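All of these numbers come straight from a predicted model, not from anything done at the bench. Remember, it's 1-based here, ligands and their atoms both numbered in the order they're listed.
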Amino acid sequence: MSPEEQFQAIVDAEDKIEPSDWMPEGYRQTLIRQIAQHAHSEVIGMQPESNWITRAPTLYRKAILIAKVQDEAGHGLYLYSAAETLGVGRDEMQELLHQGKHKYSSIFNYPTLSWADMGTIGWLVDGAAITNQVMLTRCSYGPYARAMVRICKEESFHQRQGYELLIRLCQGSASQKAMAQDSINRWWWPALMMFGPHDGDSTHTEQSMKWKIKRVTNDDLRQQFVDMTVRQADYLGLEVPDPDLRWNEERGHYDFGDIDWEEFWRVVKGNGPMNRERVAHKVKAWDDGAWVREAAMAHAAKEEARSAA
Ligand code: BYC
């Protein structure tokens with residue numbers, strides 16, 4: 001058996017590939033790309049929500065929001081660690097993100113304009129994230145799959161807190177309910193875009209499915225998300241902003257309208273409403289934090305010298 005055949009046999013047998021195992025270069029590069037993008041998404045994803053921490057309406061909501069944003073930082077750290085096991089440095093990944101050479105999820109390039117957006121992000125954005133990420137707990141690469149188990153548990157908590165926030169708003173005054181409706185109007189389509197291009201336009205799906213990095217295609221996950229979420233919107237008494245949305249008895253799924261793919265690619269290529277601000281803020285945070293990293297390195301060097309003495 002060639003190394004490639006042996007590798008594929010391990011994958012097909014549902015065993016995990018570990019960092020010290022032989023792997024095709026394409027597999028390694030695909031994982032670095034996907035895991036780094038995922039880590040960057042978690043970290044950039046802190047920005048839209050942290051924007052509302054100082055304006056949370058109660059201490060209770062503020063505590064939840066701070067904890068959620070902190071969880072996202074933690075997810076970024078697990079994922080950067082998983083990517084590092086593939087031989088890429090954390091500083092290198094940061095540099096590529098700062099230079100615009102690494103992507104992150106399109107969803108975080110939209111602004112958070114109202115308090116209801118905190119609920120909608122939890123409900124729709126974390127909801128879409130879990131729909132996509134549950135399959136990643138079964139990814140063939142061990143360190144990524146294991147990181148995803150913990151991340152999914154936390155994301156499902158995030159999803160529920162967002163939905164609960166919206167239940168409260170929708171049971172509140174007419175203007176609170178209108179704020180919730182305005183929020184779903186703005187986030188619905190970008191949330192559907194999170195799953196990526198149609199399967200026919202997806203560069204990586206076929207190979208990633210063969211390697212069992214991905215287990216379900218972009219379109220199938222998107223359908224799963226729509227089917228689950230429309231019922232949740234009904235319960236809230238909110239309308240999904242899609243005139244073509246209807247239950248298809250024959251398919252056993254909801255049919256839904258066309259996604260604006262021009263908007264998707266515009267955002268992915270760096271020209272969405274908030275791309276420049278998001279990256280500029282990230283670069284500033286990295287530069288402002290340089291002294292912390294330097295102090296930690298100096299401390300580690302001192303400790304090492306002390307234990308060597
Ligand atoms: N945005 O061949 P395809 C979170 C790119 S964070 C931008 O289908 P693939 C949270 C794609 O990279 C959630 N780019 O790709 C955090 C590729 O370009 P490259 C983040 C996108 O990888 C804070 C090209 O389009 N989740 O939960 O097979 C607060 C062709 O696509 C997007 C993850 O990262 C997009 N939406 O499938 C709250 C999950 N979609 O790289 C919540 C892990 C596609 O060739 N990632 N592109 O230049 C994945 O599962 C897969 O990477 C994707 C895309 C399903 C996203």
Peer 1: Do W286 and D91 come close enough that some side-chain heavy atom pair is under 4.5 Å?
Peer 2: yes
Peer 1: Look only at the side chain of W189 and the backbone of P241, and say whether a donor-acceptor pair between them is shorter than 3.5 Å.
Peer 2: yes
Peer 1: For H40, which of Y80, Y104, F108 qualifies under ring-ring contact (aromatic ring centres under 6.0 Å, His included)?
Peer 2: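 In the set Y80, Y104, F108, the residue that makes a ring-ring contact (aromatic ring centres under 6.0 Å, His included) with H40 is Y80.
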Peer 1: As a check for students: among R33, Q207, K103, H102, identify the option with a heavy atom nearest to atom 5 (C) of ligand 1.
Peer 2: K103
Peer 1: Taking the side chain from T229 and the backbone from V226, do they hold a donor-acceptor pair closer than 3.5 Å?
Peer 2: no
Peer 1: Keeping the roles fixed (side chain from S41, backbone from S105), state whether a donor-acceptor pair exists under 3.5 Å.
Peer 2: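 Yes, because the side chain of S41 sits within donor-acceptor range (under 3.5 Å) of the backbone of S105.
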Peer 1: Can I66 be reached from V43 by stepping across I, L, V, M, F, W or Y side chains whose heavy atoms are under 4.5 Å apart?
Peer 2: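 Result: yes, single cluster for both.
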Peer 1: State the atoms of ligand 1, each with its element, that fall below the 4.0 Å cut-off from a heavy-atom position in V268.
Peer 2: 7 (C), 14 (N)
Peer 1: Could you name each residue pair satisfying salt bridge (Lys or Arg N to Asp or Glu O under 4.0 Å) that touches residues 207-231, not counting sequence neighbours?
Peer 2: E14-K212, E14-R215, D219-R222
Peer 1: In ligand 1, which numbered atoms sit nearer than 4.0 Å to a non-hydrogen atom of M193?
Peer 2: 36 (N)
Peer 1: Examine D126 against ligand 1 and note whether any of their N/O atoms are separated by less than 3.5 Å.
Peer 2: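 N/O-N/O distance below 3.5 Å does not exist for this pair.
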Peer 1: Output the list of atoms in ligand 1 that are nearer than 4.0 Å to some heavy atom of S106, sorted by atom number.
Peer 2: 1 (N), 7 (C), 35 (C), 36 (N)
Peer 1: Does Q133 come within less than 4.0 angstrom of ligand 1, counting non-hydrogen atoms of the residue?
Peer 2: yes
Peer 1: Return a yes/no value: protein heavy atom under 4.0 Å from atom 10 (C) of ligand 1?
Peer 2: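 Yes, there is one.
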Peer 1: Does Q34 approach ligand 1 within less than 4.0 angstrom via side chain, backbone, both or neither, non-hydrogen atoms only?
Peer 2: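 The part of Q34 near ligand 1 is the side chain, not the backbone.
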Peer 1: Which protein heavy atom lies closest to atom 3 (P) of ligand 1, and at what distance to 0.1 Å?
Peer 2: S202 OG, 3.4 Å
Peer 1: Applying the side-chain contact (heavy atoms from CB on, under 4.5 Å) test to T112, which of E49, Q47, M118 qualifies?
Peer 2: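 Testing T112 for a side-chain contact (heavy atoms from CB on, under 4.5 Å) against E49, Q47, M118 leaves exactly one candidate, M118.
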Peer 1: At under 4.0 Å between heavy atoms, is it the side chain or the backbone of H158 that contacts ligand 1, or both, or neither?
Peer 2: neither
Peer 1: Taking only non-hydrogen atoms of S105, do any sit less than 4.0 angstrom from ligand 1?
Peer 2: yes
Peer 1: In terms of residue, atom name and distance, what is the protein heavy atom nearest to atom 21 (C) of ligand 1?
Peer 2: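 Nearest protein contact, heavy atoms only, for atom 21 (C) of ligand 1 is F264 CZ, 4.0 Å.
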Peer 1: Does W22 have any ring pair (Phe, Tyr, Trp, His ring centres under 6.0 Å) partners at least two apart in sequence or in another chain, and if so, which?
Peer 2: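 Ring pair (Phe, Tyr, Trp, His ring centres under 6.0 Å) check on W22 returns nothing, list empty.
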Peer 1: With F225 as reference, evaluate Y254, F256, W123, F195 under the ring-ring contact (aromatic ring centres under 6.0 Å, His included) test and give the passing residue.
Peer 2: F195
Peer 1: Below 4.5 Å, heavy atoms only, C-beta onward: do Y27 and S140 meet side chain to side chain?
Peer 2: yes
Peer 1: Quick one: does E49 get a heavy atom under 4.0 Å from ligand 1?
Peer 2: yes
Peer 1: For atom 54 (C) of ligand 1, which protein heavy atom lies nearest, and how many Å away is it?
Peer 2: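 Nearest neighbour among protein heavy atoms for atom 54 (C) of ligand 1, to 0.1 Å: K214 NZ, 4.2 Å.
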Peer 1: Kindly identify the option in Y144, W265, Y104 whose heavy atom sits closest to atom 25 (O) of ligand 1.
Peer 2: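 Residue with the shortest heavy-atom distance to the ligand atom: W265.
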Peer 1: Thinking salt bridges, do D21 and K16 make one under a 4.0 Å N-O criterion?
Peer 2: no
Peer 1: Considering only non-hydrogen protein atoms, determine which one is nearest to atom 45 (O) of ligand 1 and report residue, atom name and distance to 0.1 Å.
Peer 2: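 Residue, atom and distance for the closest contact: H204 NE2, 2.6 Å.
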Peer 1: To the nearest 0.1 Å, how far is atom 27 (O) of ligand 1 from its closest protein heavy atom, and which atom is that?
Peer 2: A129 CB, 3.0 Å
Peer 1: Number the atoms of ligand 1 from 1 as they appear, then name those within less than 4.0 Å of a heavy atom of G196, with their elements.
Peer 2: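 So the atoms of ligand 1 that pass are 40 (N), 44 (C).
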Peer 1: Hey, is E18 close enough to R146 for a salt bridge, meaning N to O under 4.0 Å?
Peer 2: yes
Peer 1: Who's closest to atom 39 (C) of ligand 1 heavy-atom-wise, of D199, N132, I107?
Peer 2: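 Of the listed residues, N132 has the closest heavy atom.
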Peer 1: Using a 4.0 Å heavy-atom threshold (strictly under), name the region of N218 that reaches ligand 1: side chain, backbone, both or neither.
Peer 2: side chain
Peer 1: Starting from atom 12 (O) of ligand 1, which protein heavy atom do you reach first, and at what distance in Å?
Peer 2: Q37 OE1, 3.0 Å
Peer 1: Side chain, backbone, both or neither: which applies to L221 and ligand 1 if a contact is any heavy-atom pair less than 4.0 Å apart?
Peer 2: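 No part of L221 comes within reach of ligand 1.
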Peer 1: Can you tell me the protein heavy atom closest to atom 6 (S) of ligand 1 and the distance?
Peer 2: S41 CB, 3.6 Å
Peer 1: Considering both backbone and side-chain atoms of E72, is one of its nitrogen or oxygen atoms within less than 3.5 Å of a nitrogen or oxygen in ligand 1?
Peer 2: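 By distance alone, the answer is no.
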Peer 1: Which one of M194, E155, Q159, M209 has a non-hydrogen atom at the shortest distance from atom 56 (C) of ligand 1?
Peer 2: M194
Peer 1: Which part of T203 is near ligand 1, with near meaning a heavy atom under 4.0 Å away: side chain, backbone, both or neither?
Peer 2: both
Peer 1: Run the salt-bridge test on R150 and E154 with the 4.0 Å N-O cut-off and return the result as yes or no.
Peer 2: yes
Peer 1: Do K68 and D126 meet the salt-bridge criterion of a basic N to acidic O distance under 4.0 Å?
Peer 2: yes
Peer 1: Of the side chain and backbone of P197, name the one, both, or neither that has a heavy atom under 4.0 Å from an atom of ligand 1.
Peer 2: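 Side chain only.
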Peer 1: Under a plain distance cut-off of 3.5 Å, with no hydrogens placed, do H38 and Y78 share a side-chain donor-acceptor pair?
Peer 2: no
